[in-house]
Amino acid sequence: MSASHPPLNLATVGLLIVPPLMWAGNAVVGRIAAPWIPPVTFNFLRWVLVLLILLPLAGWVLRRDSPLWRHWKRYALLGLLSIASYNMLQYLALNTSTPINVTLVAASMPVWMLVVGRLFFQAPIRRVALIGAGCSLLGVLVVLTQGDLARLRDLQLVPGDAWMLLAAFVWATYSWLLTKPDEASDIRNDWAAFLLAQTALGLVSASVLTTGEWIWLSSQGQGHIEWSWALAAILVFVAIGPSLLAYRCWGAGVQRAGPTLAGFFSNLTPLFAALMSLAFLGEAPQAFHGVAFALIVAGIVVSSRR
């Protein structure tokens with residue numbers, strides 16, 4: 001797949017800026033909610049709310065005569081990757097890492113976009129994209145080594161960093177699948193139906209993962225939810241902002257700019273996460289965070305050149 005995409009314009013840039021803003025907020029509130037609710041359960045409840053919001057908008061997609069059921073395998077895979085897996089992995093990462101670190105580790109996304117595109121979608125790797133990906137990867141190494149690259153020899157990933165690296169690979173695969181032609185055009189052309197189809201089938205796999213989480217927690221004598229108005233407000237926010245709004249804009253942005261370039265825009269998330277962490281968590285960015293972000297921005301600038 002080597003389809004070319006038109007140059008960036010303000011509308012496309014706007015579409016691609018909204019998701020990292022929402023995802024940064026998701027990382028911050030996910031960190032806040034971590035002591036109150038198990039991560040897999042948090043992800044499951046988030047998408048249940050999304051399902052309830054979307055039903056009045058696109059409930060027809062779940063009817064018996066809907067084209068969804070002729071292509072259910074494709075939507076089940078999209079739901080597994082985006083609804084069940086990516087978000088679950090991010091919330092797992094936030095149990096042991098900070099929002100700034102998690103979003104900076106996710107800056108490896110352009111590398112995964114290039115790798116997945118080349119291996120599975122026959123997409124050529126442009127030189128400027130490779131240079132840009134190298135800048136972003138260097139930014140990831142800076143944050144993982146806390147600014148001392150000599151630590152690379154003794155680098156040990158904390159669980160949160162490893163979960164987020166896996167999440168980045170999952171999201172890259174999902175983004176490339178969005179570019180494949182969709183025979184169910186009635187669904188694809190209706191953003192609410194498209195997201196509802198993924199959500200409904202993704203919740204099937206998410207429910208299995210949630211059941212497994214509670215079985216494991218029960219075996220450890222753990223597992224509880226500390227319900228409060230704060231947790232309820234966080235669930236509503238992650239259902240509307242990082243889910244409905246971000247997924248809508250990301251899907252449209254990927255279609256316009258392509259997954260490779262869109263992946264670099266996702267690296268704006270660390271900037272927003274750093275500002276939000278300072279405001280809400282008191283986690284001030286360190287000097288190495290600034291260096292890492294500068295490298296990430298350089299990657300965006302270089303990769304956007306034609």
Side-chain angles (χ1 to χ4, degrees), residues 1-24 26 54 57-58 74-75 77-79 81-83 86 106-107 109-118 120-133 135-136 168 170-199 240-272 296-306:
M1 181 179 297
S2 58
S4 59
H5 298 274
L8 287 176
N9 55 41
L10 287 178
T12 303
V13 170
L15 286 171
L16 292 174
I17 285 179
V18 171
L21 178 62
M22 293 295 101
W23 292 333
N26 183 50
L54 288 174
L57 300 176
R74 167 174 168 77
Y75 285 92
L77 177 58
L78 291 174
L81 293 174
S82 63
I83 307 303
Y86 173 75
M109 186 81 69
V111 177
W112 298 118
M113 288 289 189
L114 293 174
V115 171
V116 171
R118 185 68 185 93
F120 303 112
F121 296 88
Q122 292 76 53
I125 298 179
R126 297 163 50 239
R127 181 177 298 177
V128 290
L130 192 61
I131 295 173
C135 289
S136 289
V170 167
W171 188 256
T173 304
Y174 168 75
S175 297
W176 274 104
L177 286 174
L178 289 178
T179 67
K180 294 188 65 175
D182 197 331
E183 296 179 9
S185 58
D186 290 344
I187 298 177
R188 187 56 183 265
N189 294 334
D190 184 335
W191 74 268
F194 187 59
L195 183 54
L196 178 57
Q198 297 176 65
T199 301
I240 295 175
S243 302
L244 290 174
L245 185 57
Y247 273 63
R248 166 64 175 135
C249 293
W250 182 258
V254 167
Q255 288 296 309
R256 293 188 181 200
T260 300
L261 183 54
F264 285 92
F265 275 85
S266 69
N267 290 345
L268 290 172
T269 306
L271 171 62
F272 300 135
I296 291 167
V297 171
I300 296 176
V301 173
V302 171
S303 64
S304 65
R305 295 174 63 86
R306 297 204 172 256

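Heavy atoms only: backbone and side chains are in, while hydrogens, waters and symmetry mates are out. Index from 1, following the sequence. Worth saying up front: this structure is predicted, and the values here are computed from it rather than measured.
The two residues Trp23 and Pro242 make their nearest non-hydrogen contact at NE1-O, 3.8 Å. What you find for Leu178 and Arg188 is that their closest heavy atoms are O-NH2, 2.6 Å. In terms of heavy atoms, Leu196 sits closest to Ala58 at CD2-O, 3.1 Å. Ile187 and Ala197 make their closest contact through CG2-CB, 4.4 Å (heavy atoms, listed as atom of the first residue, atom of the second, distance). Contact record, Pro19 with Ala246: CG-O, 3.6 Å, taken as the closest heavy-atom pair. Residues Thr12 and Gly253 share a closest heavy-atom pair of CG2-O, 4.5 Å.
A heavy-atom distance below 4.5 Å is not found between the side chains of Trp250 and Met22. Residues Val254 and Tyr174 are not in side-chain contact: their nearest non-hydrogen atoms beyond the backbone lie 4.5 Å or more apart.
Checking Leu244, Asp190, Leu57 one by one against Leu195, the side chain to side chain contact (heavy atoms under 4.5 Å, CB included) holds for a single residue, Leu244.
Taking the six-membered ring where the residue is Trp, Trp171 and Tyr86 present tilted rings, their angle falling between 30° and 60°.
Here Gln198 contributes atom CD and Leu78 contributes atom CG; the two are 5.0 Å apart, rounded to the nearest 0.5 Å. Remark: Trp191 CH2 to Leu54 CG distance equals 6.0 Å, nearest 0.5 Å.
Among residues two or more places apart in sequence or in another chain, the side chain to side chain donor-acceptor pair (under 3.5 Å) test is passed with Ser243 by Arg46.
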